[in-house]
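Numbered from 1 within each chain, the chains take letters A, B, ... in sequence-line order.
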Amino acid sequence: MFSRHISAVVGISSFCLGIWMDRKYRELNALHSIPGFKIFDAVYADGLVANNQELIVNNEQRISQIMKYGFPSLDNVRSYKNFVLSYDQRNRIPHWVLEHLTPESVQYNPNVDRSSCEFYEDNSFHEFFRATNKDYKNSGFDRGHLAAAGNHKSSLELIKQTFVLSNIAPQVGKGFNRSAWNNLEKYVRKKAKHNKNVYICSGPLFLPKKGEDGKLWIKYQVIGDNHVAVPTHFYKIVVTESTESKFYLECYLMPNQVIPDDIPLKDFQMPLEVIERASGLQFFKRLTLDKFTKLN
DNA sequence: TTTAATGT
């Protein structure tokens with residue numbers, strides 16, 4: 001099977017051992033009594049230009065809603081109107097990007113058109129660490145969104161913010177960004193249409209592969225003058241809260257390469273632990289920790 | 001329907 005092939009290629013099968021879960025969909029417990037979750041005191045790239053106090057307060061409420069189940073890490077966090085990211089200054093791509101979707105937020109809106117959007121540099125980072133449009137030009141890679149443009153079509157302002165280059169990573173275009181990865185994003189939007197809340201964390205991975213010498217190596221291309229790193233893989237963690245307030249978890253891992261169209265999405269499902277070990281991050285800890293304590 | 005780059 002293709003999925004087994006992927007595991008072998010990426011060399012992660014070793015730490016799959018013993019942690020494969022009985023069920024692919026794990027039901028998680030709702031946390032209605034989180035003790036006073038205080039929003040992380042980050043630099044608000046968006047708040048910096050806001051001078052209306054009410055706007056700032058509302059934006060903080062929105063951010064705390066997006067980050068309700070925890071921060072995967074606290075490195076170079078930036079919050080935008082409708083998504084939050086942590087930026088990898090060395091690789092000039094995000095570490096992770098978090099979104100919160102609802103049936104209203106993904107409703108079809110013919111008035112919002114992505115063709116009026118342009119990719120732009122994130123000036124909140126030092127120029128040494130910024131990715132530019134020139135880096136991607138003629139690189140052969142797409143400027144792939146992590147917070148997908150299609151998830152933020154409720155207003156022109158929101159969709160425009162997803163085009164900030166700190167939300168972008170180099171993705172194989174034909175056969176990946178425009179196919180399998182796009183299908184995964186569409187699947188998530190469909191979930192959002194039929195459930196109360198969907199929380200998504202997306203990001204890049206750099207996974208080792210066995211070299212001719214039999215040793216494990218991590219090898220990746222860099223593009224442009226700023227050496228923007230091309231990830232070997234991308235992950236997506238999806239937490240769905242149903243209308244009955246039950247929680248479900250799905251994790252996906254895809255190689256950044258041409259993927260045949262006939263591979264079903266479920267072949268890319270991975271245990272959460274695999275993605276946590278590979279990324280050095282822990283996702284939705286406020287939910288999973290609660291579940292784990294109940295298992296003990 | 002949504003991805004996005006490239007060439008005019």
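Residues satisfying the side chain to side chain donor-acceptor pair (under 3.5 Å) test with A/N151, not counting sequence neighbours, are A/E99, A/R189.
For A/Y108, taking side-chain heavy atoms from C-beta onward, the closest of the listed nucleotides B/dT2, B/dA5, B/dT6 is B/dT2. Taking every side-chain heavy atom of A/N138 into account, B/dT6 is the closest of B/dT2, B/dA5, B/dT6. Looking at the side chain of A/K186, the nearest of the listed nucleotides B/dT3, B/dA5, B/dT2 is B/dT2.
Atom CG of A/D225 is separated from atom OG1 of A/T132 by 7.0 Å, given to the nearest 0.5 angstrom.
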Does A/D142 form a salt bridge (charged side-chain N to carboxylate O under 4.0 Å, His left out) with A/R178? I'd like the steps, not just the answer.
CA-CA 9 Å; A/D142 276 10; A/R178 309 174 199 182; 2.7 Å; yes

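The distance from atom CZ of A/F141 to atom P of B/dA5 is 12 Å, rounded to the nearest whole Å. Between A/L165 atom CG and B/dA5 atom P the separation is 10 Å, expressed in whole Å. One can place OH of A/Y187 at 18 Å from C1' of B/dT2, the figure rounded to the nearest angstrom. In this entry the distance linking CZ of A/R143 with C1' of B/dT2 reads 16 Å, nearest Å. Spacing between atom NZ of A/K193 and atom P of B/dT2 amounts to 8 Å, rounded to whole angstrom units. The separation between A/H152 atom NE2 and B/dT3 atom C1' is 15 Å, rounded to whole Å. Look at CD1 on A/I159: it is 15 Å from P on B/dT1, rounded to the nearest Å.
Contact annotation for A/K153: backbone-only contact, meaning every heavy-atom pair under 4.0 Å involves sugar-phosphate atoms and none involves a base. Looking at heavy-atom distances under 4.0 Å, A/N182 makes contact with a base. The residue A/F119 sits close only to the backbone: its heavy atoms come under 4.0 Å of sugar-phosphate atoms, none of a base.
Applying a 4.0 Å cut-off to non-hydrogen atoms, the residues of residues 168-179 of chain A that approach DNA chain B are A/N177, A/R178, listed by residue number.
We find that A/K236 and A/E250 are not joined by a salt bridge, their nearest charged nitrogen and carboxylate oxygen being 4.0 Å or further apart.
Using cut-offs of 30° and 60° on the angle between ring planes, the pair A/H145 and A/F119 is tilted.
Checked against the 6.0 Å centroid criterion, the rings of A/F283 and A/Y235 qualify as a close aromatic pair.
Grouped with A/F129 in one hydrophobic cluster are A/F128, the linkage being side-chain heavy-atom contacts under 4.5 Å among Ile, Leu, Val, Met, Phe, Trp and Tyr residues.
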